[in-house]
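All residue numbers refer to positions in the sequence shown, counting from 1.
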Amino acid sequence: MGKGGKGEAAAAVAGGEGENMAAWLVAKNTLKIMPFNLPPLGPYDVRVRMKAVGICGSDVHYLKEMRIAHFVVKEPMVIGHECAGIIEEVGGGVKHLAVGDRVALEPGISCWRCRHCKGGRYNLCDDMKFFATPPYHGSLADQIVHPGDLCFKLPDNVSLEEGAMCEPLSVGVHACRRADVGAEKSVLIMGAGPIGLVTMLSARAFGAPRIVIADVDEHRLSVAKSLGADATVKVSTSTDDLAGEIELIQAAMGGDIDVSLDCAGFSKTMSTALEATRPGGRVCLVGMGHNEMTVPLTSAAIREVDVVGIFRYKDTWPLCLDFLRSGKIDVKPLITHRFGFSQREVEEAFEVSARGRDAIKVMFNL
């Protein structure tokens, strides 16, 4: 795969030894490791042997439901999009990479022709070919083929696992950019799941002086505290508790909330963010828990609270790698479970990730 490929299951890898195997989503709650045909290597492509692939919430959602919004899995699809590996072959036009380089892969291939791409917002491309988003295959495979310009060489002190974490970290970095997080902006984060935690780490790296994070789960809040949250607030799922919880959150901040990032995406979490944020502040919707919400927009409007959203990310890998190289962000504590690449381990890994509890990031080591 790679190159947004839609390949068939059953062919040997070009230029490799034996068959190229991948984890295929073949039906609801059914993953199978089967052969995976790679496309020919183009002049600006590289062939990468996968070494680290993380499980994202979207991967689990596809496994459970075979769809996310209007993206529907209609035929078997290779899963996975958080990845890093080692270059095994380069096309003749690739000059910045060489065989043996360790790289992190940006999983979306945009057209570079539409107005979004030309305007610098390629993440909004209508013709995006994104790993493990139907109908395009993902990266949980022995090897893939991918454009060289979407492969970023890892600094010597950044591991392959950390390279794979650049994908979820990119969501947090892009959210902080959209929300204009900086050294004079106090930040509230709704949701202490994997995306909430990487967004918290990103906000700190962007200079946020005080960060409060809220969640329904005590364990996740304890993890957030250990990773550097200044304060945590346990909330409920009931809207009846909204007003009291906003008071608790504002008290925990000890001052104005300049920016709120909703990393859960439910009516209540977005309502909390909108109501807790100071007049003239900004709210960024990061998570997509609900397709539709009932939220207090009029209240936000009369206080001139700006509302922005994000979709994936753009131009984030170089900054993510610099944060990791410099130590401004440490994603290693987020990797809580590791599995090999066998049928049994793939099934178990997805069960662990879906179960949640103490699992933050589940990682495959291939």
Side-chain angles (χ1 to χ4, degrees), residues 56-57 82 104 106-108 120-124 152 158 162 165-215 220 223-225 227-232 249 252-253 255-265 269-270 272-274 276-278 280-289 300 305-331 333-334 360-361:
C56 175
E82 302 176 358
E106 182 171 353
R121 302 183 74 175
Y122 66 85
N123 57 309
L124 303 180
F152 298 85
V158 174
E162 292 172 279
M165 289 293 292
C166 281
E167 198 281 336
L169 181 58
S170 285
V171 176
V173 166
H174 185 54
C176 287
R177 283 174 169 172
R178 289 278 288 157
D180 195 27
V181 173
E184 298 181 349
K185 304 287 181 68
S186 61
V187 173
L188 166 66
I189 295 175
M190 298 301 300
I195 293 301
L197 293 175
V198 293
T199 301
M200 184 193 76
L201 294 173
S202 300
R204 184 68 80 205
F206 273 85
R210 186 164 179 83
I211 301 172
V212 173
I213 188 163
D215 198 278
R220 289 183 175 184
V223 172
K225 188 70 174 176
L227 292 173
D230 294 295
T232 62
I249 288 168
M253 185 63 75
D256 285 341
I257 295 171
D258 300 302
V259 174
S260 293
L261 299 113
D262 180 7
C263 297
T269 55
M270 191 59 174
T272 303
L274 289 168
T277 303
R278 68 165 174 81
R282 180 169 290 194
V283 172
C284 181
L285 178 56
V286 183
M288 293 185 286
V305 174
D306 294 334
V307 180
V308 298
I310 71 162
F311 185 58
R312 294 172 179 156
Y313 32 68
K314 66 181 184 72
D315 300 320
T316 51
W317 260 253
L319 182 56
C320 288
L321 289 172
D322 187 62
F323 281 153
L324 296 174
R325 177 197 58 77
S326 65
K328 286 185 177 180
I329 291 179
D330 182 6
V331 294
L334 300 180
I360 299 175
K361 180 58 60 180

I want to check something: taking the side chain as every heavy atom from C-beta on, are [X] and [Y] in contact at a cut-off of under 4.5 Å?
{"X": "Phe323", "Y": "Val173", "answer": "yes"}
{"X": "Met190", "Y": "Leu261", "answer": "no"}
{"X": "Thr199", "Y": "Leu197", "answer": "no"}
{"X": "Cys176", "Y": "Ser202", "answer": "yes"}
{"X": "Tyr313", "Y": "Asn123", "answer": "no"}
{"X": "Pro168", "Y": "Ile195", "answer": "yes"}
{"X": "Leu334", "Y": "Pro194", "answer": "no"}
{"X": "Arg210", "Y": "Val187", "answer": "no"}

Can you tell me how far apart [atom1] ([X]) and [atom2] ([Y]) are? Round to the nearest 0.5 Å.
{"X": "Ile329", "Y": "Leu319", "atom1": "CD1", "atom2": "CG", "answer": "7.5 Å"}
{"X": "Met288", "Y": "Cys263", "atom1": "CE", "atom2": "SG", "answer": "11.5 Å"}
{"X": "Leu188", "Y": "Asp256", "atom1": "CG", "atom2": "CG", "answer": "12.5 Å"}
{"X": "Thr272", "Y": "Asp262", "atom1": "OG1", "atom2": "CG", "answer": "8.0 Å"}
{"X": "Leu201", "Y": "Lys328", "atom1": "CG", "atom2": "NZ", "answer": "14.0 Å"}
{"X": "Ile257", "Y": "Arg278", "atom1": "CD1", "atom2": "CZ", "answer": "10.5 Å"}

**Asked** Does the pair Thr232 and Asp215 meet the rule for a side chain to side chain contact (heavy atoms under 4.5 Å, CB included), with working shown?
**Response** CA-CA 8 Å; Thr232 62; Asp215 198 278; over 6 Å; no

Shortest non-hydrogen contact between [X] and [Y], atoms and distance:
{"X": "Thr269", "Y": "Gly265", "value": "OG1-N, 3.5 Å"}
{"X": "Cys166", "Y": "Leu321", "value": "SG-CD2, 3.5 Å"}
{"X": "Ile213", "Y": "Gly191", "value": "CD1-O, 3.6 Å"}
{"X": "Pro209", "Y": "Gly182", "value": "CD-O, 3.9 Å"}

**Message:** Checking Val259 against Ser186 for the side chain to side chain contact (heavy atoms under 4.5 Å, CB included) test, could you report, in this order, the C-alpha distance in whole Å, the side-chain angles of both residues, the deciding distance, and whether it holds?
**Reply:** CA-CA 6 Å; Val259 174; Ser186 61; over 6 Å; no

Test item: [X] side-chain N/O and [Y] main-chain N/O as donor-acceptor pair under 3.5 Å:
{"X": "Arg178", "Y": "Gly309", "value": "yes"}
{"X": "Arg204", "Y": "Ala208", "value": "yes"}
{"X": "Asp230", "Y": "Val212", "value": "no"}
{"X": "Thr277", "Y": "Leu274", "value": "no"}

**Message:** Is the ring pair Phe152/Trp317 parallel, tilted or perpendicular, if the boundaries are 30 and 60 degrees?
**Reply:**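 Parallel.
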
**Message:** One thing to verify: whether Asp180 and Arg282 come together as a salt bridge, which I'm taking to mean a side-chain N less than 4.0 angstrom from a carboxylate O.
**Reply:**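 Here Arg282 does not pair with Asp180 in a salt bridge, since their nearest N and O are not under 4.0 Å apart.
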
**Message:** Heavy-atom count check: over 12 atoms from other residues, nucleotides or ligands less than 6.0 Å from Met253 CE?
**Reply:** yes

**Message:** salt bridge (charged side-chain N to carboxylate O under 4.0 Å, His left out) for Asp315 and Arg177? Distances and angles first, verdict last.
**Reply:** CA-CA 11 Å; Asp315 300 320; Arg177 283 174 169 172; 5.9 Å; no

**Asked** Pick from Glu82, Glu162, Glu167: which one makes a salt bridge (charged side-chain N to carboxylate O under 4.0 Å, His left out) with Lys361?
**Response**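 Testing Lys361 for a salt bridge (charged side-chain N to carboxylate O under 4.0 Å, His left out) against Glu82, Glu162, Glu167 leaves exactly one candidate, Glu82.
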
**Message:** Leu169 vs Thr316, test: side chain to side chain contact (heavy atoms under 4.5 Å, CB included). Steps then yes/no.
**Reply:** CA-CA 9 Å; Leu169 181 58; Thr316 51; over 6 Å; no

**Request:** Decide yes or no on side chain to side chain contact (heavy atoms under 4.5 Å, CB included) for Leu285 and Val308, but give the supporting numbers first.
**Result:** CA-CA 6 Å; Leu285 178 56; Val308 298; over 6 Å; no

